Amino acid sequence: MARHPLTRPEDHQRQRIEAARGACREMTALADLIPRFAVLLDPADGNATLLSTWITSAQAEDLPHLHAFTRGLEKDRAAVDAALTLPHHNGGTEGVNNKSKLIKRQMYGRASFPPPPPHFPGLTTPTVTTDYGTDPHV
């Protein structure tokens with residue numbers, strides 16, 4: 001249900017969204033704010049101004065989790081403005097990293113063993129007893 005406001009819903013999904021919107025005032029406010037924020041995710045020159053307007057609207061609502069989100073946006077506003085206005089991004093790099101990690105997880109599953117631990121607790125250095133005593137560095 002959480003992803004429906006960000007997508008173009010089909011008819012049966014649209015009915016569920018409208019029912020949820022009518023359930024409470026907070027859901028109505030959230031359902032209005034989400035699509036307005038989603039528009040900002042497509043980088044354009046005027047998005048920094050639109051984001052300021054959106055943040056003001058979001059802070060006017062009684063939605064504590066959204067207030068925390070807007071505080072985070074304001075905290076790193078320069079980076080957020082750059083992400084929403086500039087056409088440059090590292091999405092390709094992040095996609096390659098994500099795919100590499102996915103393949104690694106799949107291979108560990110196929111091999112039927114967990115990933116190796118960073119160290120083996122409980123193992124001690126082997127000792128060798130000689131005529132001259134114990135040598136722990138062998």
Side-chain angles (χ1 to χ4, degrees):
M1 183 66 180
R3 69 179 168 83
H4 291 314
L6 288 173
T7 61
R8 292 191 177 101
E10 297 174 11
D11 289 335
H12 68 283
Q13 294 169 331
R14 192 172 293 119
Q15 292 170 354
R16 290 179 66 192
I17 292 169
E18 291 305 319
R21 285 181 80 160
C24 67
R25 189 186 66 74
E26 289 86 2
M27 187 62 186
T28 303
L30 187 62
D32 289 337
L33 287 167
I34 289 174
R36 288 178 40 211
F37 184 77
V39 169
L40 298 174
L41 298 178
D42 185 23
D45 287 337
N47 281 353
T49 306
L50 293 174
L51 179 64
S52 295
T53 305
W54 185 88
I55 287 174
T56 304
S57 299
Q59 289 173 341
E61 298 296 336
D62 185 24
L63 300 167
H65 296 298
L66 203 55
H67 293 176
F69 177 67
T70 59
R71 282 191 303 272
L73 292 174
E74 289 289 354
K75 196 178 221 182
D76 200 9
R77 187 60 191 262
V80 173
D81 285 346
L84 297 179
T85 57
L86 300 175
H88 313 292
H89 56 82
N90 65 347
T93 303
E94 293 298 329
V96 169
N97 288 343
N98 189 35
K99 187 173 184 179
S100 300
K101 289 178 182 181
L102 175 69
I103 291 170
K104 180 182 83 171
R105 286 187 204 109
Q106 288 174 337
M107 292 309 295
Y108 276 125
R110 250 187 228 130
S112 299
F113 62 89
H119 67 286
F120 298 96
L123 292 182
T124 59
T125 306
T127 58
V128 175
T129 303
T130 65
D131 293 338
Y132 302 106
T134 304
D135 185 4
H137 302 292
V138 174

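These values consider heavy atoms only, across backbone and side chains, with no hydrogens, waters or symmetry-generated copies. On a predicted model such as this, the values are computed, not experimentally measured, just so you know.
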Which distance, rounded to the nearest 0.5 Å, do you find between the CG of N98 and the OG1 of T93? 12.5 Å

Does the salt bridge (Lys or Arg N to Asp or Glu O under 4.0 Å) test come out yes or no for E74 and R77, once each step is laid out? CA-CA 5 Å; E74 289 289 354; R77 187 60 191 262; 3.5 Å; yes

Shortest non-hydrogen contact between P43 and A83, atoms and distance: CG-O, 3.9 Å

Is there a donor-acceptor contact under 3.5 Å from the side chain of H67 to the main chain of D62? no

Tell me which one of N47, L73, L51 satisfies side chain to side chain contact (heavy atoms under 4.5 Å, CB included) with D81. L51

Could you grab the distance from atom CG of L33 to atom CD1 of I55, nearest 0.5 Å is fine? 11.5 Å

When clusters are formed by joining ILVMFWY residues with side-chain heavy atoms under 4.5 Å apart, either directly or through shared neighbours, do I34 and L63 land in the same one? yes

Is there a continuous path of hydrophobic side-chain contacts, each under 4.5 Å between heavy atoms, that joins F69 to L50? yes

If you measure from CZ on R71 to CD on Q59, what distance do you get to the nearest 0.5 Å? 8.5 Å

Geometric class of the W54/F37 ring pair [parallel <30°, tilted 30-60°, perpendicular >60°]: tilted

When rounded to the nearest 0.5 angstrom, what distance separates CZ in R25 from CG in L30? 11.5 Å

